[in-house]
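Here the structure is laid out as C-alpha cells; the discussion comes afterwards.
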Amino acid sequence: MTAPFSLAGTKRFALVGARALASDLAPQAAARDSDGFAVVDILIDRGRIADVKPAGTSDFGDAPSIARSGRIVLAPFVDAHTHLDKAHTWLRAPNPCGDLDAAIAASSSDRAANWTASDVAARMEFCLRTAYAHGTAAVRTHIDSIGPQTRISWPVVAEARERWRGRIEVQASPLFLVDFVLDDAHMADVEAMVDAHGSNILGAATYMSPNLLNGLKKLFALADRKGWDLDFHVDESADPAARSLNVIADMAIVRKFPGRIQVGHCCSLSLQTPDEEKRTIEAVARAGLSVVSLPMCNMFLQDRRSGRTPRWRGVTAFHELASAGVNVMVASDNVRDPFYAYGDLDMLEVWREAVRILHLDYPFSRWAPVVRAAPAKAMGLIAHKIEPGAPADLVLTQARDFTELFARPHADRTVLRAGAPVGPPPDYSDLDAVEGLA
Ligand SMILES: [Zn+2]
C-alpha cells in the first residue's frame, strides 16, 4: 500500500511515479502504455503544478516526495447534470413503487410542503461538500422552477455559487415541464430569476406534449434574445414514440441557434427502430447537441414494473451517438431522492457504473472524457490538464490499472485542491434536521 497523503501543509513536494491518463497530460509528456496511461513525476509548488516529467527522468532537488508506485492520479471531475434542490429528500418523500410517475408525485408534494430557502440551502450545501470531497470541480444543477418555488430557490443557488467560487463552479438551469412555457406569468418569473441569479442557461423537460412545438419555439426565442444556453430533460421514457429529441435538434438547426444545447436522458432513442434512431442521431450531431446520459437513475426508474424483472437498462444510444461525433457524457442526476434512492455525487462512482451499464470499456481510456473533458465542453468550461501552470487539483487513488480503478469504490482516495488535501464527505447526521430525524 502507498501511504496515505502525509504532506498536509507542505507547499512544495513531488508525486513520484504517478500513473496519469495521457489525455490529461500535455502531448509528449511521457510515453503511454496500452491502457492510455503514462507514469510521471509531478512537482507541486504553492498550489500549482510546477513540472511534469516522465517518471525517474528529473531531479526535483530537496522537494519532499511521495512515492505513488504507479497508482492512478486523475484530474478533477465535472458533473453536468444534477438536482441539488431535490437531493436527500428520500426519507421525507420515499418513492413506494420506484417508477417515474411516483417519483414526480412524491417530489412535488415534498416541494410544496418543505422546500423553504433554508431547507434547499442546507441540502444543497451538503451536496456540494460531498461532491468536493469526492474530487468534483464543477457541477450543473437543475432547479425546479414552478410556482412560488422559483423565487425561493434561485437566490439560494446564487448564494451557494458565491460561497463555492474557486472550489466548485456551480451552474444552474431552470426545470419545469415544457407546457408551462405557455404561461406568461410563469415565464416572467423564470426570466427574472435567471437574469438575477442564474447562469445564462434556460431549460425545461420535454415530452410528446401538444404544447411541445410552441413551448420550444418560445424557449429558443428567449434564449436567443438573451444569449443564453439551453439544457433540456428529454424523452425520459420507455415509449419509442417519445421523439422530442428530434424536434429540439431540428429547431436548433433551422434557427441556427448560436448557444450551447445540452440534452439529458434521451432514453426512448435506444428503443426506436435502427433507421429512426440513425436519423435522429444525425440531426443531433448536425445540431451540435451535447448528450448527457444518467445511467444510474435511468436503470433505477426505467422498465420498472412490480413483480416483473427489468429487461432494459434504460439508457440512451450512447455508443451510436459517440460514433456519430456527438459530445457524450455521464452525470450523477438524482441523489437520495424519489427519483433515485442512492448516489453520492461521486463522479468516480458514476464512471464505474457507466462502465458497467453502458459498456464504456475496451478500451477504457476512449471513454475517460465522459466524466471530465466532455462535460466541461458542454458547460463552456476549460478542463485543466495535468501540466505546468495548472492548479494542483488532483484525485489520487490506490488503483494501478482500470480494473483496479473500477473494481473498488476508492473511498480512500485523496483529493488535492490547490495542492492541499481536502476532508472527507460530510456525515449523514448533518442532514438529520432537514430529514426530520433531529
Ligand atoms: Zn435530471
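Counting starts at 1 for both ligands and their atoms, following the listed order. We count residues from 1, following the sequence as given. Model, not experiment: these values are computed from the prediction. Computed over heavy atoms, backbone and side chain alike; hydrogens, waters and symmetry mates excluded.
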The Zn ion (ligand 1) to nearest N/O/S of [X] below 2.8 Å:
X	answer
His265	no
His83	yes
His81	yes
Asp333	yes

Relative to each other, are the rings of Phe300 and Trp90 parallel, tilted or perpendicular (30° and 60° limits)? perpendicular

Do the ring planes of His233 and His265 sit parallel (below 30°), tilted (30 to 60°) or perpendicular (above 60°)?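 His233 and His265: tilted rings.
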
Side chains of His359 and His319: closer than 4.5 Å at any heavy-atom pair?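 In contact.
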
Shortest non-hydrogen contact from Gln262 to Ala80?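 Closest approach of Gln262 to Ala80, heavy atoms only: OE1-O, 3.2 Å.
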
